[in-house]
Amino acid sequence: MTVHAKTALLGSEWVQDMRLEIEDGRISRIETGVAKQPEDTATDVLLPALGNLHSHAFQRAMAGMTEVRAAGKESFWTWRTLMYRFLDRLTPEQVEAIAALVFMEMQEAGYASVGEFHYVHHQPGGQPYARLSELSQRIFAAADQTGIGLTHLPVLYTYGGVSQEPLVGGQLRFGNDVDQYLALQEECRSTQRHAKFDSVVGVAPHSLRATSPADLKTLLANVPSGPVHIHISEQVKEVADVEAALGQRPVAWLLDNAEVNNRWCLIHATHMTDVETKAMARSGAVAGLCPITEANLGDGIFNGAVYVEADGAFGVGSDSNIRISLPEELRTLEYSQRLRDKARTVLVHGEGSVGHTLYTGAARGGAQALGRDAGEIAVGKLADLVAIDRTHPTLCTLKDDQLLDGLCFAAPDGTVTDLWSAGRHMVRERRHVARDAILPTYRTAVAQLLASA
């Protein structure tokens, strides 16, 4: 397969008339300043596609259902109660249908891959399915149907709180002790060996409140390589609870008690002191930021200026999937900093384009977090590519070095014309190739779900 781009981002430089070849899912050759050939797929502007590093796919079907104020003050914790009630009705077929829709929407938004932080493992009430990995198999099936690059992150969720309270209610569908979780891991890795070549399986201790120091140590000893993702400090209450139980704030405790390095992704590293922020940046871990969901849930604002100044790695994810929009995720990240600091162009170390910093930083950080050999257009890298339409009114007047600013801060959804996930050309002329199969199945699944409410 060959692709020709009028303009392309090659490393940190803009080039013209680039032609690249894709073999076995990877970029095998790049030429610049060459004419389009008849067999080439023609594109306008070609960019490295981002990885969506944090998703709970099933929550997409809840979008719009939790925006009502009840008596008292609404918070993340009241939202979580509603989420538990929702998931208690999900069947395996519905999980697969919802995930397929989400993965398709991600690709149409410009994401070539996803980290699915998957914590719903069992039947309502907590009884395992006959096949322990039944719901993980549904995630693999959805990824296979859509062609998205999957980093599957089955979650270890053992306790209902940092003091090792028992699981209750909706949490019962999440629960595994370490031995059962390692058996689940093995089933997922067996599936991975028969899935698409670029599939990855990582580990995801849910949070310091849902596991224990001893269990975390055992888990890491048994899985010494591959991605490790963890929710770390999303809520002020979470920080206070961890500090009361473990004697340190969560980020500080983790950095002192685990070998946190570049295989780690710390999701929602929202509430950090400057000392924690700089230490996390030095560790090489990726900050997994989900600005739309964090704003929707009222989580707080990431300590971004200090983190970027310390050269910390970051990426973005759509988390609850209430809205899947790559440009909006990036602009919300920057705008949150501006609102807090009453300043402009915050997330740039030194001088330069904010859009370029956000986009290329998230491309590299997302690839790192997902254990994916991508994040830039270069020979040997996975062909995770996205093409955008430069003729759109929000982009057509911009110079090359302004394009990513325009994409991040001015462009609406819908500028993506084509997308490749490891060379699989899944979005063509703005439409996913499996859309006509996915949408009816999703609508049927959600209708059945709502009828059971």
Side-chain angles (χ1 to χ4, degrees), residues 54 56 76-77 80-81 83-84 87 115 117-122 125-128 132-133 135-136 152-189 201-261 263-272 276 279-280 283 285 288 299:
H54 190 67
H56 309 300
F76 166 83
W77 306 100
R80 189 178 72 157
T81 298
M83 183 266 288
Y84 288 164
L87 70 84
F117 195 96
H118 177 73
Y119 54 78
V120 186
H121 300 305
H122 307 310
Q127 179 67 25
L132 184 60
S133 61
L135 295 183
S136 285
H152 187 54
L153 298 159
V155 170
L156 173 65
Y157 199 121
T158 309
Y159 305 108
V162 71
S163 297
Q164 300 182 29
E165 296 95 325
L167 301 177
V168 295
Q171 294 174 330
L172 294 170
R173 295 196 76 173
F174 311 160
N176 290 295
D177 61 22
V178 174
D179 288 341
Q180 185 165 276
Y181 176 80
L182 291 173
L184 172 65
Q185 269 276 322
E186 184 50 44
E187 287 191 21
C188 291
R189 291 179 187 279
V201 172
V203 296
H206 179 273
S207 57
L208 294 182
R209 57 187 163 82
T211 186
S212 69
D215 288 351
L216 181 60
K217 183 177 180 180
T218 300
L219 172 62
L220 296 173
N222 279 274
V223 189
S225 61
V228 184
H229 288 219
I230 185 171
H231 291 144
I232 192 59
S233 59
E234 183 175 5
Q235 292 287 318
V236 172
K237 179 181 183 299
E238 176 181 22
V239 174
D241 288 349
V242 169
E243 187 169 19
L246 300 181
Q248 287 180 282
R249 296 163 56 88
V251 172
W253 186 93
L254 187 69
L255 292 173
D256 283 350
N257 290 275
E259 189 180 347
V260 177
N261 53 31
R263 67 184 287 222
W264 285 76
C265 181
L266 276 55
I267 306 295
H268 308 308
T270 306
H271 301 288
M272 294 192 291
E276 290 172 316
M280 180 182 162
S283 75
D299 287 346

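Both backbone and side-chain heavy atoms feed into the values below; hydrogens, waters and symmetry mates do not.
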What distance separates [X] [atom1] from [Y] [atom2], expressed to the nearest 0.5 Å?
| X | Y | atom1 | atom2 | value |
| --- | --- | --- | --- | --- |
| Ser133 | Arg189 | OG | CZ | 13.0 Å |
| His271 | Lys237 | NE2 | NZ | 13.0 Å |
| Glu234 | Leu266 | CD | CG | 13.0 Å |
| Met272 | Met280 | CE | CE | 5.0 Å |
| Glu238 | Arg249 | CD | CZ | 11.0 Å |
| Ser207 | Gln235 | OG | CD | 11.5 Å |

Whether the side chain of [X] engages the backbone of [Y] through a donor-acceptor N/O pair (distance < 3.5 Å, no angle test) should be reported.
| X | Y | result |
| --- | --- | --- |
| Glu165 | Ser163 | yes |
| Gln185 | Gly202 | yes |
| Tyr157 | Val120 | no |

Please list, chain by chain and in numerical order, all residues satisfying side-chain hydrogen bond (donor to acceptor under 3.5 Å, both in side chains) with [X], sequence neighbours excluded.
| X | answer |
| --- | --- |
| His121 | none |
| Gln180 | Asn176 |
| Ser212 | Asp215 |

Kindly give the heavy-atom pair with the smallest separation between [X] and [Y], and that separation in Å.
| X | Y | answer |
| --- | --- | --- |
| Val201 | Cys188 | CG2-O, 3.9 Å |
| Ser283 | Leu255 | CB-CD2, 4.1 Å |
| Ile232 | Ala269 | CG2-CA, 3.6 Å |
| Leu216 | Thr211 | N-OG1, 4.0 Å |
| Pro250 | Ser233 | CG-CB, 3.9 Å |

Can you name the residues that form a side-chain contact (heavy atoms from CB on, under 4.5 Å) with Asn257, not counting sequence neighbours? Gln248, Trp253
Test salt bridge (Lys or Arg N to Asp or Glu O under 4.0 Å) applied to Glu186 - qualifying residues, sequence neighbours left out: Arg193
4.5 Å side-chain heavy-atom contact, [X] and [Y]:
| X | Y | answer |
| --- | --- | --- |
| Val203 | Tyr181 | yes |
| Phe174 | Leu87 | yes |
| His122 | Leu172 | no |

Would you give me the side-chain donor-acceptor pairs under 3.5 Å for residues 219-231, sequence neighbours excluded?
from   : atom 1 : to     : atom 2 : distance (Å)
Asn222 : ND2    : Thr218 : O      : 2.8
His229 : NE2    : Ala369 : O      : 2.8
His231 : ND1    : His206 : O      : 3.4
His231 : ND1    : His206 : NE2    : 3.2
His231 : NE2    : His54  : NE2    : 3.1

Which residues pass the ring pair (Phe, Tyr, Trp, His ring centres under 6.0 Å) test with His152, sequence neighbours left out? His118, Phe140
Applying ring pair (Phe, Tyr, Trp, His ring centres under 6.0 Å), can you list everything that pairs with Tyr159, at least two apart in sequence or on another chain? none
Should we say atom CD of Glu259 is surrounded by more than 12 heavy atoms from elsewhere, each under 6.0 Å from it? no
Under the salt bridge (charged side-chain N to carboxylate O under 4.0 Å, His left out) rule, what pairs show up with a residue in residues 168-185, not counting sequence neighbours? none
